[in-house]
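What follows is a set of notes on a single structure, which appears directly below.
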There are 2 protein chains.
Amino acid sequence: MSERVVPAAARRRRRPTKEGVVLSEELIVETALRLIEEHGAEALSVRRLGRALGADPSSLYRYFRHTDDLMLAIADELIGRTLRAWRPTGHWRADLRDLGLRMHAGALAHPRAAVLSAHRVTGRTYEIQAVETILGVLRGAGFPDAEAVRVYHAFVDQALAYGALDSANTALPRPARDAEADVWRTTYAGLSAATHPHIAATARHLVASMRGSSYPAALDLLLTAAATRLAEIRAGD
Amino acid sequence: MSERVVPAAARRRRRPTKEGVVLSEELIVETALRLIEEHGAEALSVRRLGRALGADPSSLYRYFRHTDDLMLAIADELIGRTLRAWRPTGHWRADLRDLGLRMHAGALAHPRAAVLSAHRVTGRTYEIQAVETILGVLRGAGFPDAEAVRVYHAFVDQALAYGALDSANTALPRPARDAEADVWRTTYAGLSAATHPHIAATARHLVASMRGSSYPAALDLLLTAAATRLAEIRAGD
DNA sequence: ACCTTATGACAACACCGTTGACCTGTGAAG
DNA sequence: CTTCACAGGTCAACGGTGTTGTCATAAGGT
């Protein structure tokens, strides 16, 4: 049973399922994404996906060796969508800023999928394309190889990490999300100055600040540091 | 069955299990942490935990309403441990750097707990204590309230985001983790210069860099930016 | 038109979290 | 010292999960 999966390119026989659906890698990934968005991350299971597709669950194992493979395919599709929407201008800093914000926005647009896939290295088409593109932007700007890789690594990790963190809140069930928002307004804002002087003194700022994402600030920080480094390099450091 | 859980303080009757173990909230949390450490993240299940404790799995529901409650208790314990192990010296930058690295390391040591709890605001004892402490460090250093909160937000989000991201890999089942490690060495390092010139040119650096975490670098970036801002403020900005 | 075989279906396995019902020893009250 | 309510343990079951070995059949190259 170990080698049941046939690569997409080699597939020929398009045999419909009992319910008349013709399966394909793309259809499965699309359906999985829809399932996650509509019914939550926990709604994604082989059996449910099979039901949603109109196919026996075990049929999916003809396309993906195990659930993890499917997750990677989903992650890659998300990367691809982000990349296709991005329009580089040739100005490395503006382009990377735009891409970072798009990655973050993309994660927020598919919070449940983002949470599940942000930390995976897919090694698939779109991911490879993204790596190649970003490295190209950096090397084109004049970063030496080692430096380009360092910036790339920081940039990508940052976008993924914040994307997942901020998505996670969005992905919480409504009541839990509201409850969390209240914690700052009630629990923290209600602490006594006698026992918690620093929280009490800054409560107003805390409530306001913790509502938003700190990603844009962190991204600009990273890009500024990279720009500074690039200037040093150009000056012949 | 809805209100089976008796608060720890109100517990009186210490009836041993069939195997002679006397259960308690602390013992359960400790055993869960040990289980994660010794047998990997996937080893934590109610049934396995019950077996490890020498108790029926359903007994645990006398102490925690569901698995998520248990996870939060574990997370709280982790925050407590990190905070207790931290020895502030009075130098804000060194202290925050040390704390950030400890938070990150704590997450990596207990990946599953970190992944599940990074995006939750618990409002529990240790979390409040952590907020108060960090704000104290920043205000003590001379950051005005609004600025202190901004730095606090960035600092905490960053530690949590990277902690979760880096943990997530550790939390993967063994085979998936090994597979990911290989992707950089095989898939990426094997790409042709003709089709992927930038990856091919930097493959050596990529393999080396992507192995480690970019958190320490990001942390230093954040602290440097904060120090710069503080200098401006002190200069009477 | 045949034959191979890709691909779908089925049934089964071992695990999971959770719950309702039951049983028993603890520890406080009289 | 005995009594007895009930906290806290156990048991069995439910419906879910991923995964696989086996079988059936229709697609498509010859």
Side-chain angles (χ1 to χ4, degrees), chain A residues 1-25 27-28 31-32 35-36 39-72 74 116, chain B residues 1-28 32 35-36 39-72 74 112 116 172-176:
Chain A
M1 210 71 182
S2 51
E3 280 311 301
R4 285 161 304 174
V5 175
V6 172
R11 289 188 179 272
R12 289 220 162 65
R13 310 191 180 178
R14 315 282 41 196
R15 178 184 187 173
T17 71
K18 248 185 173 178
E19 302 192 20
V21 183
V22 175
L23 295 178
S24 72
E25 211 168 294
L27 180 63
I28 295 174
T31 308
L35 219 54
I36 291 176
H39 303 100
E42 72 281 5
L44 185 62
S45 75
V46 177
R47 298 168 118 92
R48 257 197 262 239
L49 183 51
R51 224 178 300 138
L53 280 162
D56 189 90
S58 65
S59 301
L60 304 186
Y61 288 87
R62 302 277 179 210
Y63 295 83
F64 302 96
R65 276 204 295 279
H66 33 245
T67 336
D68 201 62
D69 263 20
L70 173 59
M71 266 335 297
L72 293 184
I74 293 174
L116 293 182
Chain B
M1 208 75 183
S2 52
E3 278 311 301
R4 285 161 303 174
V5 175
V6 172
R11 286 186 182 274
R12 290 218 162 68
R13 311 192 179 179
R14 314 283 41 200
R15 179 183 187 172
T17 71
K18 249 186 173 177
E19 302 192 21
V21 184
V22 175
L23 295 179
S24 71
E25 211 169 294
E26 298 88 42
L27 179 63
I28 295 174
L35 218 53
I36 292 176
H39 302 100
E42 73 279 8
L44 186 62
S45 75
V46 176
R47 289 163 190 274
R48 260 197 259 239
L49 183 52
R51 224 179 298 137
L53 280 162
D56 189 272
S58 64
S59 300
L60 304 186
Y61 288 86
R62 302 274 182 212
Y63 295 82
F64 301 96
R65 278 202 293 279
H66 35 246
T67 337
D68 198 58
D69 262 20
L70 173 59
M71 284 314 311
L72 286 183
I74 293 173
R112 190 158 190 211
L116 292 183
L172 288 175
R174 181 58 61 107

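Applying the 3.5 Å distance criterion, the base of D/dC11 shares a donor-acceptor pair with the side chain of B/S58. In the interface, the side chain of A/R47 is paired with the base of D/dG18 through a donor and an acceptor atom under 3.5 Å apart. You won't find any donor-acceptor pair under 3.5 Å spanning the side chain of A/R15 and the base of C/dG8, going by distance alone.
Within 4.0 Å of A/F64, counting heavy atoms only, lies no atom of the nucleic acid at all. Looking at heavy-atom distances under 4.0 Å, B/S59 makes contact with a base.
With rounding to the nearest 0.5 Å, the separation of CD1 in B/I74 from OG1 in B/T67 is 10.0 Å.
Within the 4.5 Å cutoff, no side-chain heavy atoms of A/L72 are placed close to those of A/F64. Looking at B/M71 and B/L44, their side chains come closer than 4.5 Å, going by heavy atoms from C-beta outward. Counting heavy atoms from C-beta on, the side chains of B/L60 and B/L49 come closer than 4.5 Å.
Atom NE2 of B/H66 is separated from atom P of C/dC16 by 19 Å (rounded to the nearest Å). A straight line from CG of B/D69 to C1' of C/dG17 spans 14 Å, rounded to a whole angstrom. A/D56 places its CG atom 14 Å from the P atom of D/dT20, with the value rounded to the nearest Å. A/D68 has its CG atom 12 Å from the P atom of D/dG18, to the nearest Å. As a whole-Å value, the separation of B/L44 CG from C/dG17 C1' is 12 Å. Distance A/L27 CG to C/dT7 C1': 15 Å, rounded to the nearest Å. Nucleotide D/dC11 holds its C1' atom 15 Å from the CG atom of B/L60, rounded to whole Å. When rounded to the nearest whole Å, the span between CG of A/L49 and C1' of C/dA9 equals 16 Å.
Dashed line: the shortest gap from a side-chain N or O of A/T17 to OP1 or OP2 of C/dG8 is not under 4.0 Å. Look at B/S45 and you'll find a side-chain N or O under 4.0 angstrom from OP1 or OP2 of C/dG17. The side chain of B/Y61 contributes no N or O atom lying less than 4.0 Å from OP1 or OP2 of D/dG9.
For B/K18, taking side-chain heavy atoms from C-beta onward, the closest of the listed nucleotides D/dT10, C/dA9, D/dT17 is D/dT10. The nucleotide whose nearest atom lies closest to any side-chain atom of A/R62 is, among D/dG9, C/dA9, D/dT17, C/dA9. In the set C/dG8, D/dA27, C/dA21, D/dA27 carries the atom at the smallest distance from any side-chain atom of A/P16. Taking only side-chain atoms of A/V46, from C-beta outward, the nucleotide of C/dC10, D/dG9, D/dT19 with the closest atom is D/dT19.
The two atoms that bring A/V21 and A/G54 nearest to each other are CG2-O, 4.3 Å, heavy atoms only.
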